[in-house]
Protein chains: 2
Amino acid sequence: MEVKLPTFDSVFSIDCVIFGFEAGELKILLIERNEEPFKDWLALPGYIVEQDESIDDAAERILYELTGLRDLHMQQFHTFGEVKRHPQGRVITVAYYALIRINGQKEVKPVTQYAKSAFWHPVNDLPKLAFDHSEIFNTGFNKIRRRLNYQPIAFELLPEKFTLTQLQSLYEAVLNKKLDKRNFRKKMLSYGFLKELDEKQKGVSYRAAKLYKFDRRKYAKIFQNELNLVQ
Amino acid sequence: MEVKLPTFDSVFSIDCVIFGFEAGELKILLIERNEEPFKDWLALPGYIVEQDESIDDAAERILYELTGLRDLHMQQFHTFGEVKRHPQGRVITVAYYALIRINGQKEVKPVTQYAKSAFWHPVNDLPKLAFDHSEIFNTGFNKIRRRLNYQPIAFELLPEKFTLTQLQSLYEAVLNKKLDKRNFRKKMLSYGFLKELDEKQKGVSYRAAKLYKFDRRKYAKIFQNELNLVQ
DNA sequence: ATTTAATGGTGTAATTTCGACACCTTATAT
DNA sequence: ATATAAGGTGTCGAAATTACACCATTAAAT
C-alpha cells in the first residue's frame with residue numbers, strides 16, 4: 001500500500017557526513033529513517049532548515065536531534081540542487097562534515113522520532129542510502145581525503161593522547177594506502193607540532209608505545225595556513 | 001523616500017564570481033543593480049533559482065541574463081546561509097565561480113533589466129559590494145588561489161596561445177608574489193603538457209616570445225587527478 | 001646605420017627533501 | 001625462559017628545489 005504524502009515547494013535541508021575512527025577503521029554515522037519517503041532506509045543524518053536559523057546553526061541542531069551529538073566542528077562542503085533529488089518536491093541540501101572521536105563519546109541516539117536509530121558504520125562497506133545520500137557521502141569522503149594532506153584534521157578523529165602507530169593507521173585508512181613507518185614518523189615529528197608525553201599506552205599485551213598530543217598552539221605558530229602533511 | 005517592498009519566504013539564489021585576466025591584472029565581473037534593495041550598488045551577478053531548474057543550470061542562466069556570457073564552466077564553491085544576509089527575507093545563496101578569457105569575448109552586457117550594466121573590475125581595488133557580496137568574493141578568491149596550485153585553471157584565463165611570461169604573470173597576480181623566471185619555466189615545461197608552437201607573439205616592440213598552448217589531452221594522460229603546479 | 005629600451009631566453013651548483021630499506025628492543029603472556 | 005607482538009630507530013642515493021646573472025633579439029628612436 002502506498003501512502004500519499006503532501007508535496008511542498010522550495011525547502012532547504014542539511015545533511016551531515018560525520019566521520020569517526022575506531023578499531024583501525026574509518027566510519028560514518030548513519031540513521032535508520034522513521035518517516036516517508038525512504039522509511040526504514042539508512043540515510044545520512046539530515047533534516048530541514050528553519051526560517052530563523054543560519055545553515056551553520058541548523059547543521060548543529062539537526063545533528064543533535066538525530067544523533068544526540070553536540071558541539072562538533074562542522075564544515076560545509078557542497079550543496080546538492082538537482083531538481084529531482086527529493087521525490088516529494090524541491091529540496092536543496094547543504095552537506096556538512098565533521099570529524100569526531102568515537103571513543104569516549106556516549107552512545108549515539110536520536111532525540112526526535114524522525115530517526116529510529118543512529119549508529120556507526122564502516123565506510124568500506126556502505127549499503128545503498130536513501131535519496132542521493134550515497135553521492136553526498138562520496139563527495140564528502142573525497143573532500144576530507146584531500147584535506148588530510150594539508151590540514152591537521154587527523155587529530156580530530158583520534159583520542160587526545162595517541163600513539164604514532166594510531167596516527168599512521170588513520171592516514172592509511174583514509175588514504176587507502178600503506179605508508180612507510182620510518183618515513184611517516186620522521187616527517188610527522190619534523191613538523192614540530194606533536195608533543196611527546198611522559199606517558200605510555202596502557203593495557204596492551206606488548207611493548208607499550210609513547211603517547212603524543214597535537215599541540216594546536218605550536219601548529220598555529222608554525223603554519224599560518226596549511227601544509228602538505230603527507231608525501 | 002523609501003520604497004516598501006514585499007517580503008518573501010525561503011528563496012534560493014545564485015551568485016557568480018567570474019574571474020578574468022587582462023593587462024596583467026586579475027579582474028572580476030560586476031553589475032550595477034537596477035532593483036531594490038541595493039539599487040544602484042555594485043554587486044556580483046546573481047539572481048533567484050527557479051523551481052524547475054537545477055542549481056547548476058540556474059547558475060548558467062543567471063550569468064547569461066546578467067552579463068550575456070554563455071557556456072562557461074562554472075563551479076560551485078560555497079553556500080551562504082546567514083538569516084539576515086538579505087534585508088527582505090530568507091535568501092540562501094549558492095556561490096559559483098568561473099574563469100574566462102576576457103580578450104576575444106564580446107563586450108559583457110545584461111540581457112534583463114535587473115542590471116543596468118556589467119563590467120570588469122580589478123580585484124585589487126574593489127568597492128564595497130551589495131549584500132554580503134564582498135565576503136562571497138573573498139571566499140571565492142581564496143578558493144581559486146589555492147586551486148591554482150594543483151589544477152590547471154590558469155589556462156582558462158589566458159588566450160589559447162600564450163607566452164610563458166604571460167603565464168608567469170598570471171600566477172604572480174593570483175598568488176600575489178614574485179616567482180623566479182628560470183625556475184618557473186623549468187617547472188612548467190617539465191610537466192610536459194605545454195605545447196610549443198611554431199608561432200611567435202606579434203605586435204610587440206621588442207623581441208617576440210614563443211607561443212605555447214595548453215595540451216589538455218596530454219595533461220589528462222599524465223595526471224589522473226591533480227598536481228602541485230607551483231612551489 | 002647605430003643606439004637604446006625592453007623583454008626573451010638559458011644553466012649550474014648547493015641544498016633540501018623524498019623514498020627505499022631491516023633489525024634490534026621492550027613488554028607481556030605462557 | 002621463551003615466544004609473541006609491536007615499538008622504535010638511520011643511512012644512502014635520487015630527485016626536486018632554490019638561488020642566481022648574462023647574452024640575444026627585436027623594434028623604435030636617433
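Numbers restart at 1 for each chain; the letters A, B, ... are given by sequence-line order, proteins then strands.
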Over how many whole Å does the gap from Phe184(A) atom CZ to dG10(D) atom P extend? 18 Å

Within this structure, what is the CZ-CD1 distance for the pair Phe77(A) and Ile136(A), rounded to the nearest 0.5 Å? 7.0 Å

Keeping the roles fixed (side chain from Arg216(B), backbone from Phe193(B)), state whether a donor-acceptor pair exists under 3.5 Å. no

Does Lys143(B) NZ have over 12 foreign heavy atoms under 6.0 Å away? yes

Enter the inter-axis angle for the ends of the helix from dA1(C)-dT30(D) to dT30(C)-dA1(D) (five pairs per end, rounded to 10°). 10°

Backbone N or O of Ser13(B) within a donor-acceptor pair of the Thr93(B) side chain at under 3.5 Å? yes

Separation of dA20(C) atom P from Leu179(A) atom CG, nearest Å, is 11 Å

Could you check Gln166(A) against Ser205(A) and say which one's nearest nucleotide on DNA chain D is further toward the 5' end? Ser205(A)

Let's see if you can work this out: which of dC21(C), dA6(D), dT26(D) has an atom nearest to the side-chain heavy atoms of Asn183(A)? dC21(C)

Taken to the nearest whole Å, CG/Asp180(B) to C1'/dG11(C) is 12 Å

Short side-chain N/O contact from Lys210(B) to OP1 or OP2 of dG8(C), under 4.0 Å: no

By nearest heavy atom, map Ala208(B) and Leu189(A) onto DNA chain D; which one lands nearer the 5' end? Leu189(A)

Of Thr163(B) and Tyr206(A), whose closest DNA chain C nucleotide lies nearer the 5' terminus? Thr163(B)

Is there a donor N/O on one and an acceptor N/O on the other, under 3.5 Å, for the side chain of Arg207(B) and the base of dA24(D)? yes

In whole angstroms, the gap separating C1' of dT18(D) from NZ of Lys177(B) amounts to 13 Å

Without decimals, in angstroms, what is the distance between Leu164(B) CG and dG8(C) C1'? 10 Å

Round to a whole Å and report the spacing from CD of Gln201(B) to C1' of dG8(C). 9 Å

Steps toward salt bridge (Lys or Arg N to Asp or Glu O under 4.0 Å) verdict (Glu60(A), Arg70(A)): CA-CA 7 Å; Glu60(A) 288 203 22; Arg70(A) 262 193 218 275; over 6 Å; no

Can you see if the side chain of Lys181(B) gets near the phosphate of dG9(C) - specifically, an N or O under 4.0 Å from OP1 or OP2? no

So does Phe38(B) have more than 12 non-hydrogen atoms from other groups sitting under 6.0 Å from CZ? yes

Can you tell me if Thr165(B) touches the phosphate of dG8(C), counting only side-chain N or O atoms and a distance under 4.0 Å to OP1 or OP2? yes

With a cut-off of less than 4.0 Å, is there a side-chain N or O of Arg182(B) near OP1 or OP2 of dG9(C)? no

Distance, rounded to the nearest Å, where Lys200(B) contributes NZ and dA27(D) contributes C1': 14 Å

For Gln168(B) and Leu179(B), indicate whether the former's side chain and the latter's backbone hold a donor-acceptor pair under 3.5 Å. yes

Are the charged groups of Lys195(A) and Asp215(A) less than 4.0 angstrom apart, N to O? no

Presence of donor-acceptor pair under 3.5 Å, side chain of Lys186(B) and base of dT18(D): yes

Length of the OH-C1' vector between Tyr191(A) and dC18(C), whole Å: 11 Å

